[in-house]
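Working notes, structure below.
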Amino acid sequence: MGAIAAEIAVDPGRVESDLWALAALVEADLPGWTRTALGPVDREARELVLRWMADAGLETTVDGAGNIVGRLRGAGATGRSLMVGSHTDTVVGGGRFDGIVGVVGAIEAVRALREAGRELEHDLVVVDFFSEEPNEFGLSCLGSRAMVGELTAEHLGLLDDRGRTLADALAEIGIDASALLGAHVDFSGVDAFLELHIEQGPYLEQQGSQIGLVESITGVSRFRALFTGRADHAGTAPMGLRHDAGCAAAGTVLAVERIAGEGVQTRGTSGQVTFTPAAVNVVTARADFRGEFRGPEGEWLRQAQEQLTAAAQDEGRQRGVGVEVDWLPLQEPAPMSGPVLSALAGVVDGLGYSSSRLFSGAEHDAAVIARKVPSGMIFVPSHDGRSHCPEEWTDLVDVTAGVTTLTHALLALDQQ
Ligand code: HGY
Ligand code: MN
Ligand code: MN
């Protein structure tokens, strides 16, 4: 590590202790390290983050969208600020690092700067974004979207598989829908946003790089497909007379895979598949599943939507099965800020870390905030490229390198 890091000491012990404290707050009846945003233990984890922020000297609030926001006043009376943060909610069966590294790292950066007596000119705003992972309504980055003013009453009317609206689900955890819609922030005073995050892929480990500098973040297009057929006896209903919703859904799931396989750096995934009745000797009357496409080009994502919708309708037509495909608003690919990327590259070189530039196939709050503020992401390697699973792992030495980079990047951006 280079000389410039010597005077500011990020404490690996504190970082590790915080990571494991959050890892202990999980839904015990679910696999991996599960802490879903609308789940039972998220509230306890968020109380812990609030306390860490306050102990680090941040003025804390929770905004109308459930985002935890900590502010450290800067020395300059400029009213300008730098924003940094990530999320602490997980997918079901997730790991201990996705998002969490970015929140723990941001708080540790504040501690390290204060202990070194380094005061920024800018205010420093640390955010634990609410509900970054897709919820049962298929909507991800809920807190950051609310912050940039992208959420609408239409989003609040989205239904989960139980017929509950998003507004109802939020009310159950004390988030008022109108407060959510009013949580948008005036970003005109924010000069840059940084997010530290695990790569969640294999590239950095393959390259032997300690730090990843993200050039752009994937676009995402999610949908819910519903197939309505007819229940029949599995033994007596002739194959040619069936209206098998399950087969129509299965054909569409394979179409997701086929369409995504035809693109460049594109991905397609189907999940949450439900057959009703779930009986081995009854022809499936109703089937539904959620799916998504990802890619670096918005135009490809729009074409994939059209292709998939057509494929689903064709699967339905072949079987006399009704088809509905509902698309969520497309999340456009997000280029990171060139000047922020250059500043990050200078910091990494100054610290003596090896680094690679890369595209992020994972979505992040930074993709949303980047629509308002020059943004950058710092990645640290994921062991075996695994994430969204219990095997998710990043060595503490790599997490510490990421937090050190984040800390010095804030200093560098403060001086720009
Ligand atoms: O799905 C993602 O890429 C992110 O983890 N929400
Ligand atoms: Mn994730
Ligand atoms: Mn994440």
Side-chain angles (χ1 to χ4, degrees), residues 19 22-23 26 30-39 42 45 49 67 84-106 127-145 193-204 212 214 216-223 256 260 265-272 290-296 301 328-334 358-370 375 377-382 385-394 399 402 406:
L19 288 173
L22 281 173
V26 291
L30 291 174
W33 281 266
T34 301
R35 184 174 51 251
T36 54
L38 301 173
D42 191 44
V49 169
N67 298 305
V84 59
S86 192
H87 64 96
T88 52
D89 64 307
T90 75
V91 294
V92 173
R96 294 163 275 183
F97 300 86
D98 172 1
I100 298 153
V101 158
V103 174
V104 166
V127 186
D128 177 359
F129 292 103
F130 178 64
S131 192
E132 186 273 348
E133 297 295 355
N135 50 36
E136 306 101 289
F137 304 85
L139 204 56
S140 57
C141 298
L142 198 65
S144 51
R145 285 175 192 247
F193 171 73
L194 288 181
E195 181 170 5
L196 168 64
H197 203 286
I198 57 173
E199 179 202 340
Q200 300 181 285
Y203 187 70
L204 293 179
V214 177
S216 69
I217 299 173
T218 187
V220 186
S221 180
R222 290 197 173 101
F223 67 90
V256 170
Q265 273 190 305
T266 52
R267 307 283 188 272
T269 311
S270 301
Q272 296 174 267
R290 290 183 186 273
E292 61 157 61
F293 288 107
R294 299 193 188 204
L301 289 168
L328 284 164
L330 191 146
Q331 288 162 235
E332 293 289 343
L358 73 167
F359 165 75
S360 173
E363 70 177 331
H364 298 287
D365 291 306
V368 176
I369 302 298
S375 298
M377 286 200 79
I378 301 161
F379 274 0
V380 288
S382 290
R386 302 290 307 281
S387 181
H388 282 185
C389 58
E391 295 79 9
E392 183 181 276
W393 180 265
T394 296
V399 174
L406 179 70

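Remember, it's 1-based here, ligands and their atoms both numbered in the order they're listed.
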* Asked: Against heavy atoms of E133, which atoms of ligand 1 measure under 4.0 Å?
  -> 4 (C), 5 (O), 6 (N)
* To do: Find out whether S140 and R145 are in side-chain contact, i.e. whether some heavy atom of one side chain is under 4.5 Å from a heavy atom of the other.
  => yes
* For residues H87 and D365, is any side-chain donor paired with an opposing acceptor at under 3.5 Å? -> no
* **Sub-4.5 Å side-chain heavy-atom contact between E195 and F129** => no
* Got R267 and T218 here, is their nearest side-chain heavy-atom distance under 4.5 Å? -> no
* **Worked verdict on T36 versus N135 for side chain to side chain contact (heavy atoms under 4.5 Å, CB included)** => CA-CA 8 Å; T36 54; N135 50 36; over 6 Å; no
* Structure fact -> In ligand 1, the atoms that come under 4.0 Å of a heavy atom of A362 are 3 (O)
* Which protein N, O or S atoms lie under 2.8 Å from the Mn ion (ligand 2)? -> D98 OD2, E133 OE2, H388 NE2
* Structure fact -> On a heavy-atom basis, the closest approach of N67 and F130 is OD1-N, 2.8 Å
* **Parallel, tilted or perpendicular: rings of W393 and F97 (30°, 60°)** => perpendicular
* With a 4.0 Å cut-off on heavy atoms, does H388 reach ligand 1? -> yes
* Asked: Going through the checks in order, is the side chain to side chain donor-acceptor pair (under 3.5 Å) test met by E199 and S382?
  -> CA-CA 6 Å; E199 179 202 340; S382 290; 5.7 Å; no
* Structure fact -> atom 1 (O) of ligand 1 has as its nearest protein heavy atom R294 NH2, 2.6 Å
